[in-house]
Amino acid sequence: MKVKIVTIEQSQVKARSNFDRNQEIETFDVIALIGEVRYLFKMSVDIDVVAKQQIQIINADTQFQETFKFNLELDRTISKLVSKVYNNEPVELPVIVGEFNSAEIEPYPRPVRIST
């Protein structure tokens with residue numbers, strides 16, 4: 001099954017940083033098609049400082065983690081797209097980011113219905 005990222009949009013809801021609970025961080029709604037099923041994943045970008053360098057940490061909701069736990073390459077590719085959107089870099093969407101074989105997607109996860 002092909003995995004296509006349809007949109008990545010900044011969410012109206014902010015999250016709290018894992019590193020500074022007083023800091024709000026950006027969240028994103030990622031709409032993906034896996035085969036013919038549409039999914040909504042929530043992702044966020046957190047910033048930390050390591051060795052005096054800022055690094056971005058991409059966090060994802062449980063559904064995203066469960067969906068891609070057996071395909072870390074797709075996880076990484078989608079996370080990089082979210083990072084690009086966060087950094088205002090050009091991203092052409094929709095884009096096919098890879099494929100699942102039938103063994104990688106089990107009865108989990110249940111799709112989130114999105115009205116269009």
Side-chain angles (χ1 to χ4, degrees):
M1 288 181 279
K2 292 193 183 313
V3 178
K4 180 191 285 188
I5 302 303
V6 179
T7 63
I8 301 172
E9 296 179 353
Q10 193 169 357
S11 176
Q12 299 299 321
V13 178
K14 301 282 186 184
R16 294 279 175 202
S17 170
N18 290 323
F19 308 106
D20 179 357
R21 298 306 290 167
N22 295 319
Q23 181 76 26
E24 286 187 336
I25 60 174
E26 299 296 326
T27 59
F28 297 87
D29 295 331
V30 178
I31 296 178
L33 282 175
I34 301 175
E36 298 298 318
V37 180
R38 188 176 291 246
Y39 292 83
L40 171 62
F41 301 114
K42 302 285 189 176
M43 300 182 79
S44 63
V45 179
D46 206 347
I47 304 294
D48 196 14
V49 177
V50 176
K52 299 182 183 178
Q53 295 288 320
Q54 280 193 346
I55 60 168
Q56 293 179 0
I57 295 97
I58 309 298
N59 297 302
D61 63 16
T62 304
Q63 183 180 20
F64 180 91
Q65 293 171 10
E66 285 294 318
T67 301
F68 297 104
K69 69 182 174 185
F70 298 119
N71 196 321
L72 297 179
E73 185 176 328
L74 283 173
D75 177 317
R76 188 171 34 255
T77 300
I78 296 167
S79 295
K80 285 180 180 179
L81 288 173
V82 170
S83 179
K84 284 183 174 188
V85 170
Y86 175 82
N87 290 314
N88 297 313
E89 296 175 24
V91 175
E92 289 189 38
L93 297 173
V95 63
I96 295 173
V97 293
E99 288 196 36
F100 270 124
N101 67 44
S102 58
E104 289 176 311
I105 192 159
E106 304 199 12
Y108 265 136
R110 294 182 177 82
V112 174
R113 300 284 181 222
I114 302 171
S115 58
T116 54

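Sequential numbering from 1 along the given sequence is applied to the chain's residues. Remember, it's a predicted structure, so these values are computed and weren't measured experimentally.
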| said: Any side-chain to backbone donor/acceptor pair from Asp61 onto Lys42? Under 3.5 Å, distance only. | reply: yes
| said: Could you check whether any side-chain N or O of Thr27 sits under 3.5 Å from a backbone N or O of Ala15, counting only pairs where one atom can act as donor and the other as acceptor? | reply: no
| request: Please state whether the rings of Phe64 and Phe68 are parallel, tilted or perpendicular, taking 30° and 60° as the class boundaries. | output: tilted
| Lys84 atom NZ, neighbour heavy-atom count above 12 within 6.0 Å | no
| message | Please determine whether the number of non-hydrogen atoms from other residues, nucleotides or ligands lying under 6.0 Å from atom CD of Glu89 exceeds 12. | response | yes
Between [X] and [Y], is there shared hydrophobic-cluster membership here, with clusters defined by ILVMFWY side-chain heavy atoms closer than 4.5 Å?
X	Y	answer
Met43	Ile25	no
Ile58	Phe19	no
Ile96	Ile78	no

Atom [atom1] in [X], atom [atom2] in [Y]: separation rounded to 0.5 Å?
X	Y	atom1	atom2	answer
Asp48	Ile57	CG	CD1	5.0 Å
Leu93	Thr7	CG	OG1	7.5 Å
Phe41	Asp29	CZ	CG	12.0 Å

Does [X] reach the side chain of [Y], with side-chain heavy atoms less than 4.5 Å apart?
X	Y	answer
Thr67	Phe100	yes
Tyr86	Ile47	yes
Val91	Ile5	no

Minimum heavy-atom distance between [X] and [Y], given as atom pair plus value:
X	Y	result
Ala60	Gln65	O-NE2, 2.9 Å
Gln56	Ser83	OE1-OG, 2.7 Å
Arg16	Arg21	CD-O, 3.0 Å
Val50	Ile55	CG2-CD1, 3.7 Å
Glu99	Asn71	O-ND2, 3.6 Å

| field | N-O pairing of Lys69 and Glu66 below 4.0 Å | value | yes
| task | Please determine which of Val95, Leu33, Ile34 meets the side-chain contact (heavy atoms from CB on, under 4.5 Å) test together with Val3. | result | Ile34
